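All values below come from the heavy atoms of this structure, side chains included, with hydrogens, waters and symmetry mates left out. This one's a predicted model, so the numbers in the text were calculated from it and none came from an experiment. Just follow the structure's listing: the first ligand is 1, and inside any ligand the first atom is 1.
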Amino acid sequence: MPQYGSLAGRRTITERVATLPKAELHLHLEGTLEPELIFELAARNRVRLPYASVDDLRRRYAFTDLQSFLDLYYANMRVLRTAQDFRDLTTAYLARARQAGVRHAEVFFDPQAHTSRGVPLAEALAGVTEALSDSEREYGVSTGLVVTFLRDLSADSAMSTLESVLDLGSPVLGVGLDSAEMGHPPAKFAEVFARARAEGLRCVAHAGEEGPPEYITDALDVLRVERIDHGVRCLEDDGLVERLVRDRIPLTVCPLSNVRLRVVDDLAAHPIVRMRDRGLLVSVNSDDPSYFGGYVDENYGQLAREFGLDASTLAELARNSFESAFLEPPRRDALLAEVAAWRQAVT
Ligand code: ADE
Ligand code: ZN
């Protein structure tokens with residue numbers, strides 16, 4: 001078990017919360033593609049970038065809504081071509097996650113964003129799954145892969161992606177639903193999620209990020225998901241909040257993402273503390289950290305500073321992350337014990 005010791009020597013709140021063991025449950029691997037790696041992969045694969053420099057690219061990370069981010073997010077993926085590229089992307093995330101105190105990560109991956117560009121599914125998945133399989137040994141981070149379907153594409157495309165993933169026999173934990181939410185309610189994917197469930201895969205979906213509370217209800221009732229990604233707009237429907245509390249449905253909340261994509265005006269206006277106070281099972285996650293100004297430790301750190309969260313509350317959020325994870329009891333119990341040890345160690 002790690003030794004935490006006194007945290008007094010660590011300068012910033014973010015450095016202190018980086019020692020808190022946590023699970024990351026809402027993280028798009030492609031959203032960890034840092035500008036420096038974009039340039040490196042572009043050179044490796046002879047892809048011409050429409051940016052003068054890393055700084056020029058970074059200056060474009062000023063988003064007005066989810067779609068304005070997605071346009072850049074998909075455009076930058078052009079540099080990812082070979083299994084090695086996907087391995088490098090995944091390994092860079094895992095190394096950074098370890099620094100952030102992540103002990104378990106359930107990561108999203110968008111196969112259609114690559115197959116639609118002519119990258120063979122087997123090539124992309126091989127790089128990701130090889131890196132993930134080394135993760136616990138290399139970084140102490142246990143992992144699961146969640147294949148996410150792009151909701152602005154057809155249900156047929158999602159179904160054939162699922163069939164191809166199953167045919168390849170890759171180790172997959174679950175399926176999810178992401179991309180442009182408004183105008184793309186979950187119900188269209190009912191059969192895809194039923195098929196995934198029949199294969200024993202765990203089901204999650206983005207809902208209530210920009211979309212209305214009904215999308216959360218439909219994700220639960222029609223897709224029968226076990227966890228909601230974002231879900232912040234549930235607060236607009238008291239009956240839905242009561243249901244989420246009663247059924248202990250986890251919500252994977254991404255504060256810095258919500259600020260950058262203008263879901264909220266600023267961090268002070270973020271509802272995560274109100275959500276927790278209403279009894280919702282919320283965890284803190286980074287979504288697309290290379291685009292949104294912070295990995296998961298920075299999300300905890302900025303929340304702690306903004307809302308004056310104490311060590312007990314931070315430990316509770318970390319406990320929530322492990323309770324929301326698709327973990328088996330021995331590993332879950334061990335990780336919960338690490339949180340308790342952290343809480344004991346901090347003064
Ligand atoms: N894909 C990557 N990040 C996303 C987000 N925040 N919402 C929906 N789809 C995404
Ligand atoms: Zn997301």
Side-chain angles (χ1 to χ4, degrees), residues 23-34 38 61-78 80 89-90 93 97 105-117 124 128 144-153 157-158 161 173-186 188-189 203-212 215-216 218-219 223 225 227-234 250-264 270-272 282-296 299 321 324:
E24 176 140 66
L25 307 176
H26 186 157
L27 177 284
H28 302 262
L29 273 180
E30 297 92 338
T32 71
L33 186 53
E34 290 286 345
I38 290 174
Y61 289 9
F63 308 113
T64 50
D65 58 11
L66 175 58
Q67 189 61 56
S68 67
F69 154 70
L70 290 171
D71 292 343
L72 196 62
Y73 169 79
Y74 293 125
N76 284 341
M77 288 181 203
R78 288 184 308 125
L80 292 162
L89 170 75
T90 308
Y93 163 66
E106 293 172 8
V107 300
F108 298 150
F109 183 62
D110 286 330
Q112 292 154 295
H114 311 297
T115 53
S116 65
R117 301 181 290 110
V128 169
L145 180 62
V146 177
V147 165
T148 34
F149 305 116
L150 305 186
R151 67 200 305 156
D152 39 354
L153 301 186
S157 171
T161 301
L173 172 66
V175 297
L177 191 64
D178 64 0
S179 199
E181 188 182 10
M182 290 303 271
H184 299 285
K188 162 170 111 178
F189 298 96
C203 296
V204 302
H206 283 54
E209 177 186 18
E210 286 188 342
Y215 286 18
I216 301 175
D218 282 358
L223 303 187
V225 301
R227 205 160 69 197
I228 296 287
D229 298 312
H230 292 296
V232 290
R233 287 195 62 191
C234 74
L251 305 177
T252 63
V253 179
C254 307
L256 294 182
S257 163
N258 295 151
V259 173
R260 289 298 183 102
L261 299 188
R262 312 268 188 94
V263 170
V264 294
H270 197 280
I272 188 166
V282 291
S283 59
V284 177
N285 303 271
S286 68
D287 207 3
D288 301 282
S290 90
Y291 291 92
F292 299 152
Y295 283 76
V296 69
N299 275 266
S321 73
S324 303

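- Looking at His270 and Val253, their side chains come closer than 4.5 Å, going by heavy atoms from C-beta outward.
- Although no hydrogens or angles enter the test, the distance criterion places no donor-acceptor pair under 3.5 Å between the side chain of Arg227 and the main chain of Thr252.
- Under the 3.5 Å distance criterion, the side-chain polar atoms of Glu24 are matched with a main-chain donor or acceptor of Ser286.
- The nearest pair of heavy atoms linking Pro271 to Val264 is CD-CG1, 3.9 Å.
- Using a 4.5 Å heavy-atom threshold, the side chains of Gln112 and Phe149 count as touching.
- Considering only residues two or more places apart in sequence or on other chains, Pro185 meets the side-chain contact (heavy atoms from CB on, under 4.5 Å) condition with Tyr215.
- Side-chain atoms of Arg117 come within 3.5 Å of backbone atoms of Leu80 as a donor-acceptor pair (strictly under, hydrogens ignored).
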Which pairs of nitrogen or oxygen atoms, taken one from ligand 1 and one from the protein, are under 3.5 angstrom apart?
from: ligand 1; atom 1: 3 (N); to: His28; atom 2: NE2; distance (Å): 3.3
from: ligand 1; atom 1: 3 (N); to: Asp288; atom 2: OD1; distance (Å): 3.4
from: ligand 1; atom 1: 3 (N); to: Asp288; atom 2: OD2; distance (Å): 2.7
from: ligand 1; atom 1: 6 (N); to: Glu209; atom 2: OE2; distance (Å): 3.0
from: ligand 1; atom 1: 6 (N); to: Asp287; atom 2: OD1; distance (Å): 3.4
from: ligand 1; atom 1: 6 (N); to: Asp287; atom 2: OD2; distance (Å): 2.7
from: ligand 1; atom 1: 7 (N); to: Glu209; atom 2: OE1; distance (Å): 2.8
from: ligand 1; atom 1: 9 (N); to: Ser179; atom 2: N; distance (Å): 2.8

Please set out all donor-acceptor pairs under 3.5 angstrom arising from side-chain atoms of residues 175-183, sequence neighbours excluded.
from: Asp178; atom 1: OD2; to: His28; atom 2: ND1; distance (Å): 3.3
from: Asp178; atom 1: OD2; to: Thr148; atom 2: OG1; distance (Å): 3.4
from: Ser179; atom 1: OG; to: Tyr74; atom 2: OH; distance (Å): 2.7
from: Ser179; atom 1: OG; to: Asp152; atom 2: OD1; distance (Å): 3.0
from: Ser179; atom 1: OG; to: Asp152; atom 2: OD2; distance (Å): 3.2
from: Glu181; atom 1: OE1; to: Glu209; atom 2: N; distance (Å): 3.1
from: Glu181; atom 1: OE1; to: Glu210; atom 2: N; distance (Å): 3.0
from: Glu181; atom 1: OE1; to: Gly211; atom 2: N; distance (Å): 2.9
from: Glu181; atom 1: OE2; to: Gly208; atom 2: N; distance (Å): 2.7

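- The aromatic rings of His206 and His26 sit perpendicular to each other, their planes meeting at more than 60°, with 30° as the lower class boundary.
- Note on the Zn ion (ligand 2): protein N, O or S atoms under 2.8 Å away count 4, no waters included.
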